[in-house]
Each structure stands twice: as structure tokens, then as C-alpha cells.
Amino acid sequence: MITINENYLKLQASYLFSNIAKRVSVFQQAHPEKDIIRLGIGDVTRALPAACISAFHKAVDEMGTDSSFRGYGPEQGYGFLREAIAKHDFQARGAEIASDEIFISDGAKCDTGNIQELFTQDTRVAIPDPVYPVYLDTNVMAGRTGDFVDGRYQGLVYLDSTKANNFVPALPTEDVDLIYLCFPNNPTGSTITKEELSEWVKYAKEKKALILFDAAYEAFIRDESLPHSIYEIEGAREVAIEFRSFSKSAGFTGTRCAYTVVPKECAAFDSQSNRQLIHPLWNRRHCTKFNGVSYPVQRAAEAIYSEEGQAQTKELIASYMHNADLIRQEMATLGYDFVGGENAPYIWIDAKIDSWEFFDMLLNKAGVVCTPGAGFGKCGEGYIRLSAFNSLANVEKALARIRETLK
Ligand code: MLT
């Protein structure tokens, strides 16, 4: 008899963004005349940078001729992309990361979800609340939690991110082994200083723990003093893995390309307390379960680092951040408390009422989709998240409708 992994039965009925999409679709069917503006899931709306498109076309043409055709590529990614990343994203900022410490993948969602496979089931996991649901759900699937009771899974250490701590969680008071951090944060848009991040690195070293640092939104940082990478912090190479993505920074949500950095010194421990390097293990997993990102997509990603690519992505990011500024201004005028939107494309707003109630109100009255904070965890109750990813015209239209609804 085939038996099911019962951990899946502990999961909430559906993934947050699928649940929202379903609700929006039901609403749309009932009101086909309504024009809906989506400021919910952080999905980009603007075209890929011209430099990426031309590199993409060129690479597709190469695939059309036997002499330049490419079959399976290296599972870890082509050297041309890994080298460009190491140079521009790390070495240029004083973070010593080598190209062979970078693993190209098809998304930070997959990488942040898959990485936990390397660790034992009794790993004590610390997860922020509110949180990007992938970190949580994948640990539930792996059996590292008990049941979902009163809005939380038993057996996990939740790191509350609230107004009281400026949405940057404090170090856990109990010992943990695996720590998920995301800065600039999804969903709150909050940021972490170098000093605060150094405390986490220090903690991980002392406790022999590992930090999984999701930096998918680093390109949106405008405050020069903030760290873009955890490897800007001394000692982080031994205790941190970092995840990055081209989804939001260069419009690759539909094109799919991201990467994970596993420094050679980064280690976990075996049952005899011997240090075991993570790099060869992640490499082993990657080679076994993944066949690489397509050649044209990697060429398109490489073009982000060209001079034109850099200028074009900068303009793209600035346009979304202009939307974020408009959202912040409007919510301030309407008298709502919020964080984020300064160094991140998300604005986390105190809804003053139940977050799903606010979601329904905005959808029904304004035809605007937001993300209810409760979907990101217990501490998200009473908040909603607005995303800056849309056209300026749509954001302006959405804000006019929100003003009309909330005033
Ligand atoms: C979000 O809206 O939180 C993100 O777009 C989800 C993701 O990146 O998978």
C-alpha cells in the first residue's frame, strides 16, 4: 500500500498566492465588467531590459545552428554568468565570493525551498513571522513541525517581526540551528543594518547554526549604508548561504533565473560533531536533481551586467520605486501607519481591521488586489501588503480608487 507523506496534510489548504488568485478569479467571474488592478503578488509588469532581449535573441539564434548549438550545460551554470555575478554583485562591494561558489538556478523560490533537504529532520528551525510562506511550508513538508495550532506550527521557533522591534526580529532566546532571514524584507519591506546583521552572524558562529539569507530584493536598496549581501559582514562565509534572484531586479519572473551562493568554508555538522562542508553537498544535490537554466536565459541574465544592462535595470528599479513612493505618500495622507517602500518594493500597512476583511473591501470596492498580512503569519494579522510592481498609470489609478474607498 502506498502511503502518503502526512506532513503534507498539516499544510494550510492552499499556497497563499494561489488562494488569492482563486478569490480574485471568482470575483472577476462575478463582475466581468470590473477592471482589476493587481498590487498583490510581487509580479513585475514591465518588459525585460533591451540589453537582455538582444542577448536572448542572439543566444536563440546560436541554438539554431549546429556549430553554435548547446545541449546540456553545466548544472551549476555557465562560467560567463557566474563570473559576472561574482565580480559585480560581490567583489565590487568588497564581499569575497568566487564564481565557483555561485549556483545558477531557475528561482530563489525553488532554492530557498530545496536547501532544507540538506539538514536533519530534528533541525531546530527559526522562521520570522510574518514570512515568505515558502520557508515555512517546505519545513512542514519535510516533517520538522507538529500540527498547526492557533495560527502556528508546533515545534518551530517563530521570530516575531512587529512594530515594537521595527520589523527586525530579535535573536532567539532558545538555541536554534537553522535561521531564515530576508532583507530587504518580504513582506514588510523592512531593512537590516550591518550592525544588526553582524549580531546574527555572531549568534550563528556561537551556536554552530546556519543562516539562510534571502537577498532577493537587494537591488531596491537606496540607503547606501545598508548591506546588500550578508558576505559584507565579517565571518559570514562560514555560517551563511545567500539567495538572489533576477526576477524582481531585471523583470525575470517569467523568464526564470536566480542563484544561490554557498561559500567553500560554509559548514554544518554530522552526528559525530564533525564539520561537513555544505558546498559539495549542495553541488551533489544540484547535479542530481537539476539540469541547469537554459543557455539563452543565462545569456539574457549575463547582459544585466553589461553597461547598457546596468543602466536599464537601474531605470526599471527606479520606476517601481517611484510607485512605492506614491503608495507611501497616499497612505500617509490617508492617515495609515506603514513601513517599507523606501528600500524595498513592498509597503506594509497597518490596516486597522482584520487583514482579509481589508483585502475583501479593497477588492470589492476599489477593484484593487493587495496581500492580506495574515497570509504571511500570525504577526501579519491586521496588516496588508501593497506591491509597487505595476505600471505608473495603474498605480495612480489604484491609489485614486483606494483614496475614494478609504477616505
Ligand atoms: C511575493 O509576492 O511575495 C513574491 O512575488 C513571491 C515570490 O517571489 O515567489
Side-chain angles (χ1 to χ4, degrees), residues 12-24 27 37-42 126-137 148-154 156-170 180-192 217 324 327-388 398-399 401-407:
Q12 299 308 286
S14 71
Y15 181 62
L16 172 64
F17 294 108
S18 321
N19 183 6
I20 291 171
K22 223 181 288 160
R23 285 189 186 221
V24 173
F27 178 80
I37 303 174
R38 289 174 166 79
L39 302 181
I41 190 167
I127 288 196
D129 179 358
V131 74
Y132 177 45
V134 171
Y135 317 154
L136 183 67
D137 287 359
F148 191 68
V149 178
D150 194 20
R152 286 190 161 177
Y153 287 98
Q154 293 178 325
L156 286 181
V157 173
Y158 284 91
L159 305 169
D160 290 359
S161 310
T162 62
K163 199 173 170 180
N165 57 25
N166 216 9
F167 300 93
V168 178
Y180 289 80
L181 293 178
C182 171
F183 288 104
N185 187 258
N186 178 16
T188 68
S190 64
T191 52
I192 194 163
Y217 296 94
I327 297 172
R328 294 174 67 245
Q329 278 160 23
E330 188 64 51
M331 295 320 291
T333 307
L334 289 168
Y336 280 80
D337 263 0
F338 58 85
V339 285
E342 281 177 293
N343 296 287
Y346 298 127
I347 299 94
W348 186 244
I349 301 161
D350 184 344
K352 304 182 197 174
I353 56 171
D354 175 272
S355 63
W356 278 106
E357 200 182 313
F358 195 100
F359 169 89
D360 285 332
M361 175 180 71
L362 269 202
L363 181 60
N364 289 305
K365 297 201 176 149
V368 173
V369 181
C370 67
T371 309
F376 296 106
K378 206 170 175 176
C379 291
E381 182 49 274
Y383 286 85
I384 59 120
R385 189 192 76 175
L386 285 180
S387 149
L399 290 176
R401 293 194 206 160
I402 291 174
R403 190 178 316 135
E404 196 52 38
T405 305
L406 298 182
K407 76 178 182 208

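Since the structure is predicted, the reported quantities are computational estimates derived from the model, not experimental observations.
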Trainee: Would you call Lys365 and Glu404 a salt bridge, taking side-chain N to carboxylate O under 4.0 Å as the test?
Mentor: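 Salt bridge between Lys365 and Glu404, a charged N being under 4.0 Å from a carboxylate O: no.
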
Trainee: Does a side-chain heavy-atom distance below 4.5 Å link Cys182 with Tyr132?
Mentor: no

Trainee: What distance do Leu39 atom CG and Thr371 atom OG1 have between them, rounded to the nearest 0.5 Å?
Mentor: 9.0 Å

Trainee: Using a 4.5 Å cut-off on heavy atoms from C-beta on, say whether the side chain of Pro133 contacts that of Tyr15.
Mentor: yes

Trainee: Calculate, to the nearest 0.5 Å, the distance between atoms NZ and CD1 belonging to Lys22 and Ile20 respectively.
Mentor: 11.5 Å

Trainee: Please identify each residue that fulfils side-chain contact (heavy atoms from CB on, under 4.5 Å) with Ala324, with sequence neighbours left out.
Mentor: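 Expected list: Met321, Ile347, Ala388.
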
Trainee: What heavy-atom pair brings Ile327 and Ser387 nearest, and what distance separates the two atoms?
Mentor: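 Nearest heavy atoms, Ile327 then Ser387: CD1-O, 3.8 Å.
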
Trainee: Taking all non-hydrogen atoms of both residues, which atom of Tyr153 and which atom of Tyr158 are closest, and how far apart?
Mentor: N-OH, 2.8 Å

Trainee: Please test Val368 against Leu363 for side-chain contact (heavy atoms from CB on, under 4.5 Å), starting from the C-alpha separation and ending with a verdict.
Mentor: CA-CA 5 Å; Val368 173; Leu363 181 60; over 6 Å; no

Trainee: Please list, one pair per line, the donor and acceptor atoms closer than 3.5 Å that link side chains of residues 376-385 to other protein atoms, with sequence neighbours excluded.
Mentor:
from, atom 1, to, atom 2, distance (Å)
Lys378, NZ, Asp150, O, 3.1
Lys378, NZ, Asp150, OD2, 3.4
Glu381, OE1, Ser355, N, 2.8
Glu381, OE1, Ser355, OG, 3.3
Arg385, NH1, Asn186, OD1, 2.6
Arg385, NH2, Gly40, O, 3.0

Trainee: Can a donor-acceptor pair be found, under 3.5 Å and without considering hydrogens, that links the side chain of Asp354 to the backbone of Trp356?
Mentor: yes

Trainee: Can you sort out the partners of Asp360 under side-chain contact (heavy atoms from CB on, under 4.5 Å), two or more places apart, ordered by chain and number?
Mentor: Arg23, Asn364

Trainee: Taking only residues two or more places apart in sequence or in another chain, which ones pass side chain to side chain donor-acceptor pair (under 3.5 Å) with Tyr217?
Mentor: Lys248, Tyr346

Trainee: Give a yes or no answer on whether the side chain of Arg38 reaches the backbone of Cys370 with a donor-acceptor pair at less than 3.5 Å.
Mentor: no

Trainee: CG of Asn19 to CD of Gln12: how many Å apart, nearest 0.5 Å?
Mentor: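 Here the rounded value is 10.0 Å.
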
Trainee: Within the structure provided, determine whether Pro372 and Phe358 are in side-chain contact (heavy-atom separation under 4.5 Å).
Mentor: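 The answer is no; the side chains never approach within 4.5 Å.
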
Trainee: Report the distance from atom CG of Asp129 to atom CG of Leu136, rounding to the nearest 0.5 Å.
Mentor: 8.5 Å

Trainee: Could you please spell out the steps behind the salt bridge (charged side-chain N to carboxylate O under 4.0 Å, His left out) verdict for Lys163 and Asp337?
Mentor: CA-CA 10 Å; Lys163 199 173 170 180; Asp337 263 0; 2.8 Å; yes

Trainee: So, do Leu159 and Ile127 sit near enough that their side-chain heavy atoms are less than 4.5 Å apart?
Mentor: no

Trainee: Starting at CE of Met331, measure out to CG of Leu406 and round the result to the nearest 0.5 Å.
Mentor: 5.5 Å

Trainee: Would you name the heavy atoms of Phe167 and Ser161 that are closest together and state the gap between them?
Mentor: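 Nearest heavy atoms, Phe167 then Ser161: CD2-O, 3.5 Å.
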
Trainee: Applying side chain to side chain donor-acceptor pair (under 3.5 Å), name anything that partners Arg401, two or more places apart in sequence or on another chain.
Mentor: Asp35

Trainee: Under the side-chain contact (heavy atoms from CB on, under 4.5 Å) rule, what do Leu386 and Ile402 come out as? Steps first, then yes or no, please.
Mentor: CA-CA 11 Å; Leu386 285 180; Ile402 291 174; 4.3 Å; yes

Trainee: Of all the heavy-atom pairs spanning Gly373 and Trp348, show the shortest one and how long it is.
Mentor: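 So the two residues come closest at CA-CH2, 3.5 Å.
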
Trainee: For the CG atom of Asn185 and the CD1 atom of Ile192, what is their distance to the nearest 0.5 Å?
Mentor: 9.5 Å

Trainee: Whether Asp160 and Arg152 form a salt bridge (side-chain N of Lys/Arg under 4.0 Å from carboxylate O of Asp/Glu) is what I want to check.
Mentor: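 Salt bridge present between Arg152 and Asp160.
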
Trainee: Only counting residues at least two apart or in another chain, list the ones meeting side chain to side chain donor-acceptor pair (under 3.5 Å) with Asp137.
Mentor: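 Partners of Asp137 by the side chain to side chain donor-acceptor pair (under 3.5 Å) criterion come out as none, since no residue qualifies.
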
